[in-house]
Amino acid sequence: MTKQLRPSVVLRWGIATAVGGSLFVIVTPMVIDWMFFSGATGDWRSVQAVVEVVLRTVASVLAPLGAALIAAAVVMTYIEQRERITDGH
């Protein structure tokens, strides 16, 4: 039994990733500001810096990844339809 990746599944994951990434882009500055104003001192400054880098990296990667998955689903659908047409003749 082979397991094939379906375009509809890739499309759903793409939409979810794009929406999640967009929300992450909106929320990240608020979280970073909250961490800055919460008064992290001494030892916690390094933890704050690491969390900030991770949040900014994830926020900058998720939305484009979602867009790429959506584009991949479109291409998969096109190839699948083209294969159906060529197999039918």
Side-chain angles (χ1 to χ4, degrees):
M1 176 170 59
T2 61
K3 197 176 212 180
Q4 292 183 357
L5 199 54
R6 308 303 301 163
S8 60
V9 174
V10 175
L11 180 64
R12 286 187 204 127
W13 273 101
I15 292 170
T17 305
V19 169
S22 299
L23 291 175
F24 220 89
V25 166
I26 293 169
V27 170
T28 297
M30 290 185 273
V31 171
I32 292 171
D33 286 345
W34 173 79
M35 287 173 37
F36 180 73
F37 290 120
S38 67
T41 58
D43 299 334
W44 290 103
R45 289 277 184 207
S46 58
V47 174
Q48 180 182 4
V50 169
V51 170
E52 182 176 349
V53 168
V54 169
L55 286 176
R56 287 187 190 272
T57 303
V58 170
S60 65
V61 168
L62 280 181
L65 177 63
L69 287 173
I70 292 169
V74 170
V75 170
M76 290 170 67
T77 302
Y78 173 76
I79 291 172
E80 192 175 83
Q81 289 176 353
R82 190 168 175 157
E83 285 178 352
R84 284 187 198 151
I85 291 172
T86 57
D87 289 344
H89 290 161

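Between Trp13 atom CH2 and Leu69 atom CG the span is 9.5 Å, to the nearest 0.5 Å. Rounded to the nearest 0.5 angstrom, Arg82 CZ and Thr77 OG1 are separated by 14.5 Å. Note that CD of Glu52 and CG of Asp33 are 9.0 Å apart. Values are rounded to the nearest 0.5 Å.
Following chains of ILVMFWY side-chain contacts shorter than 4.5 Å, one can reach Trp34 starting from Val54, so the two form part of one hydrophobic cluster. Both Val27 and Leu62 are part of a single hydrophobic cluster, where members link through side-chain heavy atoms under 4.5 Å apart. Residue Val31 is grouped with residue Ile26 when hydrophobic side chains (ILVMFWY) are merged at heavy-atom distances under 4.5 angstrom, including chains of intermediate members. Using a 4.5 Å cut-off between side-chain heavy atoms of Ile, Leu, Val, Met, Phe, Trp and Tyr, with links allowed through other members, Phe24 and Met30 fall into the same hydrophobic cluster. Note: the hydrophobic cluster containing Val61 does not contain Leu55 (ILVMFWY, side chain heavy atoms under 4.5 Å, direct or indirect links).
Nearest heavy atoms, Ser22 versus Ala63: N-CB, 4.4 Å. Heavy-atom minimum distance, Ile32 versus Gln48: O-NE2, 4.5 Å. Scanning all heavy atoms of the two residues, the minimum distance from Met76 to Val10 falls at SD-CG2, 3.9 Å.
In terms of the side chain to side chain contact (heavy atoms under 4.5 Å, CB included) criterion, residue partners of Leu11 (sequence neighbours excluded) are, by chain and number, Ile15, Ile70, Ala73.
At least one donor-acceptor pair closer than 3.5 Å links the side chain of Ser60 to the backbone N or O of Thr57.
The closest side-chain heavy-atom distance from Arg6 to Glu80 is below 4.5 Å.
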